[in-house]
Amino acid sequence: MPDRPTLDGLEAKWDAVWASEQTYAFDRTVAREDVYAIDTPPPTVSGSLHVGHVFSYTHTDLMARYNRMAGKSVFYPMGWDDNGLPTERRVQNYYGVRCDPSVPYDPDFTPPAEPAKDQLPISRRNFVDLCHVLTAEDEQVFEKVFRQLGLSVDWNHTYATIDDRSRRAAQRAFLRNLARGEAYAQEAPTLWDVDFRTAVAQAELEDRELPGAYHRLSFSGVEIETTRPELLPACVALVAHPDDERYQPLFGTTVTTPLFGVQVPVLAHALADPAKGSGIAMICTFGDTTDVTWWRELDLPVRSIIGRDGRILPTAPDGVAEAPYAELAGKTVKQAQRRIVELLQASGDLIGEPKPITHPVKFYEKGDRPLEVVTSRQWYIRNGGRDAALRERLLERGAELTWHPSYMKTRYDNWVGGLNGDWLISRQRFFGVPFPLWYRLDASGEPVFDEPLLPTEAQLPIDPASEVPEGFTEDQRGVPGGFAGDPDVMDTWATSSLSPQIAGGWEDDPDLFGRLFPFDLRPQAHEIIRTWLFATVVRAHHEHGQLPWTDAAISGWVLDPDRKKMAKSKGNVVTPTEHLDKHGSDAVRYWSASARPGTDTTFDENQLKVGRRLAMKLLNASKFALAFPEAADGEVTEPLDRALLEALAQVVEEATAAFAAYDPSRALERTETFFWTFCDDYIELVKGRAYAEGPPAESAGRALRIALDTLLRLFAPVLPFATEEVWSWWRSGSVHRASWPTTDGLKTGGDPAVLDVAGEVLAQVRKAKSNAKTSMKTPVTSLVVTDSPERLALVSLAQADLVNAGMVEAITLVEGAPAIEVTLGEAPPK
RNA sequence: GGGCGAUUAGCUCAGUUGGUUAGAGCGCUCGCCUCACACGCGAGAGGUCACUGGUUCGAGUCCAGUAUCGCCCA
């Protein structure tokens, strides 16, 4: 035991020991009922680490440590989410390159030392290689911080969402979805990001308020208002509300589009808002998702004019006049809008000036330009969005899950209930899990989509861009009569929705998987209930016919001191490492553990200081408790000592119940409150007796050690470093492999009120000395306690300790109305 | 516009089935070098529980409404 205990250096010291001792290794020989399996969220490694990571991962670690001590073999893996757009974007910026699939692979490629201003086009394989290089570096940064934080992760069990195991699981699950009809491809209007050149799923949309303008156009005298006049050549109909008397006479007739001279029908549909603009709107293919609905339900033709690069297509759709169209071809949407306004003004079809408005426009959440709607062939997984029966089953799954806190279930119900389409899982990107199939090419070189060429599960993972389907050779790729690989990759959620299967060794290690699945816990944040949590439920429902886990623990946000969500774009992100270094990991964990489950928490450095003080106090109080020689086996005899242990028994019961209910903050609060009473009252009262000799001193020594042993176990999940340090002073092994405390040995039949009452009397003595502004060493010449006989009896049980602690020379107990009279003597010389 | 949550001391937060005088820590003020701890110890001041109604013998707690803040969605 050190003379002056310190917290400094404990993180490095114990992380190394835990690694070499394999303290947190999962024991895969135990049966399922003795396992506690955690579906750890794989952090996006290309993103920056912020204090929110530390916060929520600590919450998970608390449950891992509690369950480990409670006798479970804890499966606590770590995954890295390294595929998808964030990684691609980071590689582009970091190296100044971009992926161009038409560039051939260069085996000797080395990235530029300085990112070039104009991004260097490189092959897909070189690009993916760079993605791997960069994510490997990122993973090390994350692991270092997580280790410093003291996460009891079993680092033997890690995965990355782009590694072979994950790609195999994602492709296998997809092929099974396809075989069962749960996955399908469809040519359909799709929300499209013209910069990323990829389709975007419903879950990744956001609305942004943007300035726009209503342009009033005349269609053969019928005036409509539109914010997108550039889509006029894509107009296929006009639409008004069926009850709108102004337009009822026109229903069934046709009008002619200005400039382009196309005959379009006037139709009725309930989604047309009579109060908006002139009450009649033009339907274009496609300006927004309402156009898609109208187009589908009114069975209209397609006149596409916007390409996947966001520019107007070079040739006009059938029946659209070429002359004015040529003025728009090749322009961006914005340029085309300016030009067509000029043309409409010149022709006199624009009525009045455009009226500026602001309106919500759909964006990809990571995108910079408004989404367009283009028709493309995409892969979908059925999620109940187009199937009421499936939606009901998935709502039932949500009800089977135990939510912590319970009100988070509502978010799931709202999302599932509001779905309006299946889950789009294909992305036109490069760094991701490829769709594992090819298509036969017909005599004209067109793919035959109806009969995809599939690999066997044993061949997975495959890359159809570099591997060849059974019965073909590489020289047949892309030639008529040959084959072509599906060019798309899966959305990152399509892989991460299989995290329990990937981490648990689904099909690769059936014995392991059988001991883990379904998992016990999915910890995650609330804003991805609709994405990650729901998607994982969908996949497990399809593949296994059950929930992927029994419990979901939803953690809150960390808000900045102005109660704003921390976001990189706002520049208010708190980075965790400086606080870990400055205050120590136990202090940061204390702050995290103090937050009620699911509650958004304001970052407050003061709470870190409080946590550090607690950890420091634990070291010093332990040093005191262990300073007395360990007495031979015997009883705890003194009433004050028995009172302490009896009170501690209650704390153990409450803390255990709180952890079992996924509420570590309550367990901490109870333990902490007891601990400060232990330090401030019990230790002060017992000090004099403990330093003496004889049976009463031995009773104190025993009680101190029993209490310390229990407290260390109770604090171990929150303060793994300080507790392990103290444990090492007098115990063997790790406190983190010790058993969670029970009330055995604490229920000695004592009365906790003895400690309460003695503490109250001691407080009055201290108050008298404080008021007299004198030292606590000042003797009390007379202490008169007046109270009921019952309470006086409690005082007398601790009388000797009180006299010792208060420097009391004479104590008198009197029956009567409660009062405490303290008479002070001379302060001792300094 | 809809959903969920929050609103308690200057600050960060507890307050578990409604029940004496609403708690803690930080900060502040005043003291104390007391043999575990000055990275400490003791004491004190500080609140109309957001607002308005209602239920009740009794409401921080339950109900309705309003306001403000946060997140998610439209």
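In what follows, chains carry the letters A, B, and so on, assigned in the order in which the sequence lines appear, proteins first and then strands, with residues in each chain numbered from 1. Owing to the predicted nature of the structure, the values given are computational and were not obtained by experimental measurement.
- OP1 and OP2 of rC73(B) both lie 4.0 Å or more from every side-chain N or O belonging to Arg411(A).
- To the nearest whole angstrom, the two C1' atoms, one in rU52(B) and one in rG40(B), are 49 Å apart.
- Per the geometry, NZ belonging to Lys777(A) stands 18 Å off P belonging to rC41(B), to the nearest Å.
- In this structure, rG5(B) and rC69(B) make a Watson-Crick or G-U wobble pair, each of the two defining distances being under 3.5 angstrom.
- Aromatic ring orientation, Trp727(A) versus Trp730(A): perpendicular (interplanar angle above 60°, classes split at 30° and 60°).
- Contact annotation: Lys767(A) does not reach the phosphate of rG42(B) (side-chain N/O to OP1 or OP2, under 4.0 Å).
- Using atom P as the reference point in both rC30(B) and rG18(B), the two lie 45 Å apart (nearest Å).
- Ring-plane geometry between Phe678(A) and Tyr682(A) is classed as parallel, the angle between the planes falling under 30 degrees on a 0 to 90 degree scale with a further cut at 60.
- Taking the C1' atoms as reference points, rC13(B) lies 27 Å from rC63(B), given to the whole Å.
- Nucleotides rG1(B) and rG15(B) have their C1' atoms positioned 35 Å apart, rounded to a whole Å.
- Of all the heavy atoms in Ser585(A) and Leu580(A), the pair that sits closest is OG-CD2, 3.7 Å.
- The distance from atom CZ of Phe603(A) to atom C1' of rG70(B) is 19 Å, rounded to the nearest whole Å.
- Aromatic ring orientation, Phe659(A) versus Tyr66(A): parallel (interplanar angle below 30°, classes split at 30° and 60°).
- A donor atom on one side chain and an acceptor atom on the other are not found under 3.5 Å apart for Asp81(A) and Ser496(A).
- Minimum atom distance to the side chain of Arg670(A) is reached by rU16(B), of the listed rG31(B), rA43(B), rU16(B).
- Residue Lys609(A) contributes atom NZ, which lies 11 Å from atom P of rG40(B) at whole-angstrom precision.
- A donor-acceptor contact under 3.5 angstrom links the side-chain atoms of Lys617(A) to the base of rC37(B).
- Here the nucleotide nearest the side chain of Trp415(A), chosen from rC73(B), rG25(B), rC71(B), is rC73(B).
- Applying the 4.0 Å criterion to OP1 and OP2 of rC32(B), one finds that Arg766(A) has every side-chain N and O outside that range.
- Here the separation of rG19(B) from rG25(B), taken at their P atoms, is 23 Å to the nearest Å.
- rA64(B): Watson-Crick or G-U partner is rU52(B), with both key distances under 3.5 Å.
- As a whole-Å value, the separation of Ile529(A) CD1 from rG3(B) P is 17 Å.
- In this structure, His404(A) and Tyr662(A) have parallel ring planes: the angle between them is below the 30° cut-off, well short of the 60° mark.
- rC13(B) is paired with rG23(B) under the criterion used here, namely a Watson-Crick or G-U wobble arrangement in which both key atom distances are under 3.5 Å.
- When the P atom is used for both rA43(B) and rG23(B), the distance is 16 Å, rounded to whole Å.
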With the criterion being N/O to N/O and under 3.5 Å, what pairs connect the protein with nucleotides 8-11 of chain B, and how long is each?
none

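- In this model, the phosphate group of rC13(B) is not approached by any side-chain N or O of Ser594(A) to a distance below 4.0 Å at OP1 or OP2.
- With a 3.5 Å ceiling on both atom-pair distances, rC35(B) lacks any Watson-Crick or G-U wobble partner.
- Residue Thr602(A) comes nearest to Trp591(A) through the heavy atom pair O-NE1, 3.8 Å, listed as atom of the first residue, atom of the second, then distance.
- A donor-acceptor contact shorter than 3.5 Å links the side chain of Arg228(A) to the backbone of Gly287(A).
- As rounded to whole Å, 20 Å separates atom P of rU68(B) from atom CG of Asp600(A).
- For Arg612(A), the listed nucleotide lying nearest its side chain is rC39(B); candidates were rG25(B), rC73(B), rC39(B).
- Taking all atoms of both residues into account, the shortest heavy-atom contact from Leu711(A) to Phe674(A) is CD2-CD2, 3.8 Å.
- Residue Glu684(A) contributes atom CD, which lies 18 Å from atom P of rC32(B) at whole-angstrom precision.
- Using a 4.0 Å heavy-atom distance criterion, Lys769(A) is classed as making no nucleic acid contact.
- Within a 6.0 Å sphere centred on CD of Glu400(A), heavy atoms belonging to other residues, nucleotides or ligands number more than 12.
- Expressed to the nearest 0.5 Å, how far CD of Glu809(A) lies from CG of Leu783(A) amounts to 11.5 Å.
- Atom P of nucleotide rC39(B) and atom CG of Leu614(A) are separated by 17 Å, given to the nearest angstrom.
- The shortest distance between the side-chain N/O atoms of Arg4(A) and the OP1/OP2 oxygens of rA38(B) is below 4.0 Å.
- Taking atom P on both rC41(B) and rU34(B), the two are 14 Å apart, rounded to the nearest angstrom.
- Taking for each of Thr6(A) and Ala627(A) the nucleotide of RNA chain B with the nearest heavy atom, the 5'-most of the two is the partner of Ala627(A).
- In terms of heavy atoms, Ala593(A) sits closest to Leu668(A) at CB-CD2, 3.8 Å.
- For Glu693(A), the CD atom sits in a loose shell: 12 or fewer heavy atoms of surrounding residues, nucleotides or ligands are nearer than 6.0 Å.
- Of the candidates rC13(B), rC41(B), rC4(B), rC41(B) carries the atom nearest the Arg613(A) side chain, counting heavy atoms from C-beta on.
- The base-pairing partner of rG42(B), taking Watson-Crick or G-U wobble contacts with both distances under 3.5 Å, is rC30(B).
- Taking the P atom of each, rC11(B) and rA50(B) are spaced 14 Å apart, rounded to whole Å.
- Residue Tyr407(A) contributes atom OH, which lies 12 Å from atom C1' of rG70(B) at whole-angstrom precision.
- Of the candidates rC33(B), rC37(B), rC72(B), the closest approach to any side-chain atom of Asn620(A) belongs to rC37(B).
- Across all strands shown, Glu672(A) has no heavy atoms under 4.0 Å from either base or sugar-phosphate atoms.
- In the region residues 673-683 of chain A, proximity to RNA chain B at under 4.0 angstrom, judged on heavy atoms, holds for Trp676(A), Cys679(A), Asp680(A), Ile683(A).
- You'll find that the side chain of Val610(A) is closest to rG25(B), out of rU16(B), rG25(B), rC73(B).
- Judged by closest nucleotide on RNA chain B, Leu7(A) is the one of Met776(A) and Leu7(A) placed further toward the 5' end.
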